[in-house]
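One structure is given here, and the rest of the page talks about it.
We use all heavy atoms of the structure for the numbers below, so side chains are in, but hydrogens, waters and symmetry mates are not. Because the structure is predicted, anything quoted here is derived from the model rather than measured.
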Amino acid sequence: MSENNKSLGDLFPDLGPEVPIISGVAHDSTESLATVRRVPNEPGMAAKVFTMLAEAGVNVDMIVQASASTGTADISFTVPGTAAAKVQEVLQEKQDELGYQSFDIDANVGKVAVVGVGMKTHSGLAAKFFNALSDKGVNVLMISTSEIRIAALVPLEQLNDAVKALHTAYGLDSDQVEAVVYGGTGR
C-alpha cells in the first residue's frame, strides 16, 4: 500500500482494550450534604428547589430524591462546604413557597470516587467499589455514577479508610511511582 492509500486503520491502529480501567481515586473532604424533607411530590418541585439555589449562585453536585407513599419526597444534594450557609439561607427564605417540612445540612461528609475511561467497557467495577467499602465498614450515604466515574458520599471520619480501600481494590497501591515519558511525540 502506498503512502497515499493508507486506511484509517493504518493511521489509527486498534490499540486493544482501554487501559487502565481505573486510573485513579479522588476524594473531597469539603462537601456538605443538604436534605430537604417532605417536599410535595409533584412535577416541577425539584426544578423549583434547584432554580432557587442556582439563582443564589450555589453549585450542586450529587442529587438523590426519595419519594414516600405520603405524597412527599426527600431531596438530598451535596454542595461545597463554603456554600452551606447560603443553602440554609435560601431554604429558610423559601420554605413557604416550597412547602417542605424541614431541612438539615451535614458538613461531616466526604466524597470518594474512582475514575477511568475503561469503566465504559468492563463489568463488575461497581461491585468491586461497594465491596471494598463494605469490607472496611465504610457506610455509603449517597451514590453518583457516570460512564467514567463511580462516586460515593461517606461519613467524613471514614473518608481516608474509603480512599485506601479503593486504592487497594483497584490495584492502585504503590511503593514506587513509575512514569513513562514519550519525548517529542505529544503523548
Side-chain angles (χ1 to χ4, degrees), residues 15-37 46-47 49-51 53-54 56-67 73-88 90-91 103-181 187:
L15 300 176
E18 300 164 333
V19 291
I21 297 169
I22 299 296
S23 55
V25 176
H27 69 285
D28 184 351
S29 61
T30 65
E31 297 272 314
S32 287
L33 171 63
T35 301
V36 184
R37 301 193 185 281
V49 169
F50 295 114
T51 297
L53 293 170
V58 175
N59 182 27
V60 174
D61 185 17
M62 302 169 81
I63 301 170
V64 172
Q65 178 173 320
S67 299
D74 291 349
I75 302 175
S76 297
F77 52 93
T78 62
V79 297
T82 57
K86 180 58 88 174
V87 170
Q88 181 173 342
V90 169
L91 291 176
F103 77 90
D104 56 78
I105 298 175
D106 183 359
N108 294 310
V109 297
K111 180 171 54 177
V112 63
V114 294
V115 294
V117 293
M119 294 176 71
K120 295 186 290 187
T121 56
H122 292 80
S123 62
L125 298 174
K128 183 178 282 194
F129 183 97
F130 295 109
N131 279 318
L133 297 181
S134 175
D135 290 347
K136 293 296 180 184
V138 175
N139 188 33
V140 175
L141 305 172
M142 188 181 283
I143 301 165
S144 174
T145 64
S146 74
E147 285 186 326
I148 62 166
R149 179 184 78 143
I150 303 169
L153 198 69
V154 301
L156 189 57
E157 67 272 6
Q158 296 181 325
L159 182 60
N160 288 337
D161 291 339
V163 170
K164 290 175 189 173
L166 294 171
H167 268 108
T168 300
Y170 291 103
L172 299 172
D173 290 338
S174 178
D175 293 334
Q176 178 180 342
V177 176
E178 182 178 315
V180 177
V181 179
R187 300 194 312 184

In Å, rounded to the nearest 0.5 Å, how long is the span from [atom1] of [X] to [atom2] of [Y]?
X    : Y    : atom1 : atom2 : answer
D104 : Q88  : CG    : CD    : 10.5 Å
L91  : K86  : CG    : NZ    : 12.0 Å
I21  : K128 : CD1   : NZ    : 7.5 Å
K164 : Q158 : NZ    : CD    : 13.0 Å
E147 : T121 : CD    : OG1   : 10.5 Å

Practice prompt. Run the numbers on D161 and K136 for salt bridge (charged side-chain N to carboxylate O under 4.0 Å, His left out), then give the verdict.
Written response: CA-CA 7 Å; D161 291 339; K136 293 296 180 184; over 6 Å; no

Less than 4.5 Å apart, side chain to side chain, heavy atoms only: is that true for [X] and [Y]?
X    : Y    : value
L153 : L33  : yes
S76  : I63  : no
L125 : I22  : yes
L141 : V154 : no
F103 : V87  : no
V112 : L159 : yes
H27  : L166 : no

Could you tell me which non-hydrogen atom of [X] sits nearest to which non-hydrogen atom of [Y], and how far apart they are?
X    : Y    : answer
L156 : A107 : CD2-O, 4.3 Å
V58  : A83  : CG1-CB, 4.3 Å
F129 : A151 : CZ-C, 4.2 Å
R149 : S144 : NH2-OG, 3.1 Å
I105 : S32  : CG2-CB, 4.1 Å
V90  : L53  : CG1-CD2, 4.1 Å

Item to complete: Indicate whether the side chain of D173 and that of T168 have a donor and an acceptor atom separated by less than 3.5 Å.
Response: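 Result is yes, a qualifying pair exists.
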
Practice prompt. Report yes or no: does T51 contribute a side-chain atom to a donor-acceptor pair with the main-chain N or O of A47 at less than 3.5 Å?
Written response: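 Yes, the answer is positive, given that a donor and an acceptor are paired below the 3.5 Å cut-off.
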
Worksheet item: Counting distance only, does the side-chain N/O of S23 pair as donor-acceptor with the main-chain N or O of V115 below 3.5 Å?
Response: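 The answer is yes, because a donor-acceptor pair under 3.5 Å joins these two groups.
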
Item to complete: Could you point out which residue of T30, D61, T78 forms a side chain to side chain donor-acceptor pair (under 3.5 Å) with K111?
Response: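 Of all the options given, the one that passes is D61.
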
Worksheet item: Quick one: are the ring centres of F77 and F50 less than 6.0 Å apart?
Response: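 Centroid distance F77-F50: below 6.0 Å, so yes.
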
